Undergrad: 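Before I ask anything, here is the structure I am working with.
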Amino acid sequence: MDTFSTIKEIIDYVKPRTEQFKQYPSKKSKIIEELRPIFQEDATPWGLVIEYNKFVPSFRDALGKKRRVALKKLLYELDYNHYKDVDFDID
């Protein structure tokens, strides 16, 4: 099990998975499971990247808009009720 204690570690873990999802949408289920340790509701790292229902600026900027669009799709599949009020800043 990976442990994530910094935003950089989370970025380095999430970026390639969002890229993989954009390239291979059929791998969605596998990628969602890989994101679960960070983004499931009770995951500790979640608080490092989301504050006040927004991504912290360093995480948001490092991901970029296209990866945030992909991440939104993945997180809605993971737990729609938990993420429906999060501002992904993609509009």
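In this text, all values refer to a predicted model and were calculated from it rather than measured experimentally. Counting from 1, the numbers follow the sequence of the chain as shown.
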Undergrad: Test Lys15 against Leu63 for side chain to side chain contact (heavy atoms under 4.5 Å, CB included), laying out the working first.
TA: CA-CA 6 Å; Lys15 256 186 176 180; Leu63 276 188; 3.8 Å; yes
Undergrad: What heavy-atom pair brings Pro16 and Ile11 nearest, and what distance separates the two atoms?
TA: CD-O, 4.3 Å
Undergrad: Would a hydrophobic clustering, with Ile, Leu, Val, Met, Phe, Trp and Tyr connected at side-chain separations under 4.5 Å, put Leu78 with Tyr80?
TA: yes
Undergrad: With a 4.5 Å cut-off on side-chain heavy atoms, are Gln40 and Asp79 touching?
TA: no
Undergrad: Tell me, do Leu71 and Val14 make a side-chain contact under 4.5 Å, heavy atoms counted?
TA: yes
Undergrad: Let me check something: do Tyr24 and Val69 share a hydrophobic cluster, defined by ILVMFWY side-chain heavy atoms less than 4.5 Å apart, either directly or through other members?
TA: no
Undergrad: What distance separates Ile31 CD1 from Lys73 NZ, expressed to the nearest 0.5 Å?
TA: 12.0 Å
Undergrad: Please work out whether the ring planes of Phe59 and Phe39 are parallel, tilted or perpendicular, with thresholds of 30° and 60°.
TA: tilted
Undergrad: With a 4.5 Å heavy-atom cut-off, do Ile10 and Leu48 have their side chains touching?
TA: yes
Undergrad: So, taking the atom named NZ in Lys28 and the one named CD in Glu77, what distance separates them when rounded to the nearest 0.5 Å?
TA: 3.5 Å
Undergrad: Looking only at heavy atoms, what is the nearest atom pair of Ala43 and Pro37, with distance?
TA: CB-O, 3.2 Å
Undergrad: Please check: side-chain N/O of Arg68 versus main-chain N/O of Asp89, any donor-acceptor pairing under 3.5 Å?
TA: yes
Undergrad: Grab the two heavy atoms, one from Lys22 and one from Pro25, that are nearest each other, plus how far apart they are.
TA: O-CD, 4.0 Å
Undergrad: Check whether the side chains of Ser29 and Glu33 place a donor and an acceptor atom closer than 3.5 Å, and report yes or no.
TA: no
Undergrad: Could you measure the distance from the CG atom of Asp87 to the CZ atom of Arg60? Nearest 0.5 Å is fine.
TA: 8.5 Å
Undergrad: State whether the side chain of Lys27 and the backbone N or O of Phe21 hold a donor-acceptor pair below 3.5 Å, judged by distance alone.
TA: no
Undergrad: With under 30° as parallel and over 60° as perpendicular, where do the rings of Phe55 and Phe88 fit, or are they tilted in between?
TA: perpendicular
Undergrad: So does Glu34 get a backbone contact from the side chain of Tyr13, meaning a donor-acceptor N/O pair under 3.5 Å?
TA: yes
Undergrad: Can you measure from CG (Leu74) to CD (Gln20) and round to the nearest 0.5 angstrom?
TA: 10.0 Å
Undergrad: Return the minimal non-hydrogen interatomic distance between Ile90 and Lys65, and the atom names on each side.
TA: O-CE, 2.9 Å
Undergrad: Considering all heavy atoms of both residues, which atom of Thr18 and which atom of Ala70 are nearest to each other, and what is their separation?
TA: O-CB, 4.1 Å
